[in-house]
Chemist: 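Sending over a structure as structure tokens; questions will come in a sec.
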Amino acid sequence: MNEEYDAIVLGTGLKECILSGMLSVSGKKVLHVDRNKYYGGESASITPLEDLFSKFNTPPPDESCGRGRDWNVDLIPKFLMANGILVKLLIHTGVTRYLEFKCIEGSYVYKSGKIAKVPIDQAEALNSDLMGIFEKRRFKNFLTWVQNMQEDDPKTWDGFDPFSNSMSALYNKFNLDKNTQDFTGHALALYRDDDYIGRSAINTVRKIKLYSDSLARYGKSPYLYPMYGLGELPQGFARLSAIYGGTYMLDKPIDEIVVENGKVIGVRSGDEIAKCKQVFCDPTYTPERIKRNGKVIRCICLMDHPISNTGDALSTQIIIPQKQVGRQSDIYVSMVSHTHQVAAKGWFIAMVSTTVETDNPEIEIKPGLDLLGPIKQKFVSISDYFVPTDNGIESQIFVSESYDATTHFETTCLDVLDIFKRATGEEFDLNKVKHELGDEDQ
């Protein structure tokens with residue numbers, strides 16, 4: 001360990017592994033260390049099943065759950081947008097060669113106690129259970145405008161400038177009611193609150209286009225999920241970093257991030273010090289450089305049946321917009337199954353998560369749990385949500401944020417790209433990613 005590196009990465013959570021891969025590919029000499037014996041950190045997949053029960057201090061599973069080694073249970077389940085940032089990073093870095101993906105079968109939104117498919121094109125808008133007949137036509141016209149709008153061609157704007165006008169003004173242009181605005185903002189654009197309504201409409205238009213483009217790629221939903229669980233993602237980026245000369249050390253205690261004159265100079269483990277110019281880490285490695293910014297509750301549910309009213313889909317996402325249940329934060333429900341090699345045959349893993357708002361978090365996720373039907377076993381965790389107290393530019397110590405309650409990776413990747421920009425002074429250019437998932441010449 002007594003060497004000098006361009007960067008030392010602490011922790012093998014997905015964010016840290018993506019950064020390690022990006023830095024290695026760009027020619028940096030990287031040392032990647034984790035105090036744990038396994039990859040993934042907070043975002044690990046637990047296998048065998050007995051380890052999950054042990055982690056939550058629960059008596060071991062019975063024989064009905066099948067073989068323990070058939071299970072890979074994500075602690076923080078999320079899906080990938082098929083045309084989103086993480087897929088572009090996977091393609092750009094070549095990590096796709098280590099992974100196999102499967103499309104999530106359904107994408108739903110909750111309204112008035114029921115779930116309905118998220119409508120994304122004109123035909124689905126006209127058939128949707130979410131709106132009355134006149135609202136359907138207004139929403140169809142809105143979607144047509146979004147699909148036709150080209151940022152560099154004002155002729156396609158139909159007299160509405162999406163850059164200078166707010167999203168509220170765009171909703172008003174098509175006379176969309178509050179319910180329609182609700183599922184558009186939260187289930188299509190995937191916003192976590194309603195602050196976006198007062199901001200420039202172009203941001204939301206881009207997000208809806210991303211959803212639509214992702215859906216167009218595979219058909220059933222805009223989401224993908226890796227076979228054998230999300231734990232495959234950090235390991236894929238770790239393999240990539242190793243190919244480009246990155247050094248990995250698991251089960252290595254970290255005693256100190258060494259700082260001189262306000263700037264990092266290395267990392268100490270016992271009597272060894274590895275010198276470096278920059279450190280990248282998750283919040284657990286720098287308690288003095290973070291602050292708590294709320295809590296997230298997650299409930300892992302093991303079931304022997306799919307979720308009702310989803311056409312027996314073997315995988316799905318459901319978003320419960322905040323206003324539908326009188327909250328400030330959305331509730332997210334995701335489900336994967338034995339078809340993804342993460343559960344024994346005939347079994348399903350559902351997750352319900354949200355940002356904590358009260359002193360009784362388990363009551364807060366009840367609307368999501370009620371959608372699941374009978375649950376064989378559930379595991380509840382409540383995690384602090386940490387954010388760094390500074391941008392790291394002065395100290396060259398760059399700390400990632402904790403994982404939020406969302407069931408997609410867009411916010412995760414935005415944090416990674418922001419850290420990359422602060423550390424290198426350059427934006428990572430996603431536009432140079434020309435290949436698509438499945439191309440042979442990645």
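Reckoned from all heavy atoms, side chains included, excluding hydrogens, waters and symmetry mates. Residues take their numbers from the sequence shown, with the count starting at 1.
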Chemist: Is there side-chain contact between P388 and I397, with heavy atoms separated by less than 4.5 Å?
Modeler: no

Chemist: Would T180 and D177 count as a side-chain hydrogen bond (donor to acceptor under 3.5 Å, both in side chains) if you check the C-alpha gap in whole Å, the side-chain angles of each, and the deciding distance to 0.1 Å?
Modeler: CA-CA 5 Å; T180 306; D177 69 25; 3.0 Å; yes

Chemist: Working note: D51 + K55, criterion salt bridge (Lys or Arg N to Asp or Glu O under 4.0 Å); need CA distance, chi angles, decisive distance, verdict.
Modeler: CA-CA 6 Å; D51 285 6; K55 178 178 175 63; over 6 Å; no

Chemist: How about S337 and L314: do any of their side-chain heavy atoms sit closer than 4.5 Å?
Modeler: yes

Chemist: Taking C-beta and beyond as the side chain, do Y223 and M81 meet within less than 4.5 Å on heavy atoms?
Modeler: yes

Chemist: Without hydrogens or angle criteria, can the side chains of D282 and Y403 be said to hold a donor-acceptor pair below 3.5 Å?
Modeler: no

Chemist: Taking OH in Y385 as the centre, count heavy atoms belonging to other residues, nucleotides or ligands within less than 6.0 Å. Is the count above 12?
Modeler: yes

Chemist: Can you tell me how far apart CG (L190) and OG1 (T407) are? Round to the nearest 0.5 Å.
Modeler: 8.0 Å

Chemist: Going from CD1 on I104 to NZ on K220, what distance comes out if it is rounded to the nearest 0.5 angstrom?
Modeler: 10.5 Å

Chemist: Please confirm whether the backbone N or O of S20 pairs with a side-chain atom of S24, one donor and one acceptor, at under 3.5 Å?
Modeler: yes

Chemist: Starting from the C-alpha separation in whole Å, work towards a yes-or-no answer on side-chain hydrogen bond (donor to acceptor under 3.5 Å, both in side chains) for Q278 and Q396.
Modeler: CA-CA 5 Å; Q278 295 180 314; Q396 291 294 290; 2.7 Å; yes

Chemist: Answer yes or no for R192 and Y332: cation-pi contact, defined as NZ/CZ to six-membered ring centre under 6.0 Å and angle to ring axis within 45°.
Modeler: no

Chemist: Could you check F183 against Q324 for side-chain contact (heavy atoms from CB on, under 4.5 Å), going step by step and ending with a plain yes or no?
Modeler: CA-CA 10 Å; F183 75 72; Q324 291 296 321; over 6 Å; no

Chemist: Could you walk me through whether D194 and K323 pass the side-chain contact (heavy atoms from CB on, under 4.5 Å) test, one step at a time?
Modeler: CA-CA 10 Å; D194 284 343; K323 288 180 180 170; 3.0 Å; yes

Chemist: Donor-acceptor pair, S334 side chain versus Q317 backbone, under 3.5 Å?
Modeler: no

Chemist: My understanding is that only residues two or more places apart in sequence, or in another chain, count here; which of them pass ring-ring contact (aromatic ring centres under 6.0 Å, His included) with Y110?
Modeler: none

Chemist: Salt bridge (Lys or Arg N to Asp or Glu O under 4.0 Å) for K366 and D370? Distances and angles first, verdict last.
Modeler: CA-CA 6 Å; K366 188 175 183 299; D370 287 347; 2.9 Å; yes

Chemist: For D404 and R298, which heavy atoms make the closest approach, and how far apart are they?
Modeler: O-NH2, 3.0 Å

Chemist: Just do the side-chain hydrogen bond (donor to acceptor under 3.5 Å, both in side chains) check on K15 and T412 with the steps written out, would you?
Modeler: CA-CA 7 Å; K15 292 184 182 184; T412 300; 5.2 Å; no

Chemist: Assess the residue pair S45 and D74 against the criterion (side-chain hydrogen bond (donor to acceptor under 3.5 Å, both in side chains)); give the C-alpha distance rounded to whole Å, side-chain angles, the decisive distance to 0.1 Å, and a yes or no.
Modeler: CA-CA 4 Å; S45 297; D74 302 325; 2.6 Å; yes

Chemist: State the CG-OG1 distance between L170 and T204, to the nearest 0.5 angstrom.
Modeler: 8.5 Å

Chemist: Determine whether Y225 and T339 make a side-chain contact, defined as any pair of heavy atoms from C-beta on separated by less than 4.5 Å.
Modeler: no

Chemist: Show your reasoning for whether ring pair (Phe, Tyr, Trp, His ring centres under 6.0 Å) applies to F53 and F379.
Modeler: CA-CA 8 Å; F53 279 69; F379 308 92; 5.0 Å; yes

Chemist: Does R422 have more than 12 heavy atoms from other residues, nucleotides or ligands lying within 6.0 Å of its CZ?
Modeler: yes

Chemist: Would L371 and I115 satisfy side-chain contact (heavy atoms from CB on, under 4.5 Å), going step by step from the backbone distance to the final call?
Modeler: CA-CA 9 Å; L371 295 175; I115 61 170; 3.9 Å; yes

Chemist: Give me the ring orientation class for F142 and F174: parallel if the planes are under 30° apart, tilted from 30 to 60°, perpendicular past 60°.
Modeler: perpendicular

Chemist: Is the count of non-hydrogen atoms from other residues, nucleotides or ligands lying under 6.0 Å from R137 atom CZ greater than 12?
Modeler: no

Chemist: Is the distance between the ring centroids of H408 and F79 under 6.0 Å?
Modeler: no

Chemist: Which value, rounded to the nearest 0.5 Å, describes the distance between F398 atom CZ and E16 atom CD?
Modeler: 13.5 Å

Chemist: Counting only heavy atoms not in K207 (residues, nucleotides, ligands), do more than 12 fall under 6.0 Å from its NZ?
Modeler: yes

Chemist: Does atom CG of D390 have more than 12 heavy-atom neighbours from other groups under 6.0 Å away?
Modeler: yes

Chemist: Within the supplied structure, the quantity of interest is the number of heavy atoms (other residues, nucleotides, ligands) at a distance under 6.0 Å from E288 CD; does it exceed 12?
Modeler: yes

Chemist: Could you tell me whether the side chain of L49 reaches within less than 4.5 Å of the side chain of L302, counting heavy atoms only?
Modeler: yes

Chemist: Between K178 and D182, is the closest basic N to carboxylate O distance under 4.0 Å?
Modeler: no

Chemist: Decide if the gap between the ring center of Y98 and the ring center of F237 is smaller than 6.0 angstrom.
Modeler: no

Chemist: Given M131 and R138, is the side-chain contact (heavy atoms from CB on, under 4.5 Å) satisfied, shown in steps?
Modeler: CA-CA 10 Å; M131 300 165 281; R138 290 191 286 267; over 6 Å; no

Chemist: I need the T184 OG1 to Y211 OH distance, nearest 0.5 Å.
Modeler: 11.0 Å

Chemist: Answer yes when E364 and K295 have at least one side-chain N-carboxylate O distance shorter than 4.0 Å, and no when they do not.
Modeler: no

Chemist: Evaluate whether atom NZ of K376 has more than 12 neighbouring non-hydrogen atoms of other residues, nucleotides or ligands under 6.0 angstrom away.
Modeler: no

Chemist: Side-chain contact test, heavy atoms from C-beta onward, threshold under 4.5 Å: evaluate it for D6 versus L23 and give yes or no.
Modeler: no

Chemist: What I want to find out is whether R206 reaches D213 closely enough, with some N-O distance under 4.0 Å, to be called a salt bridge.
Modeler: no

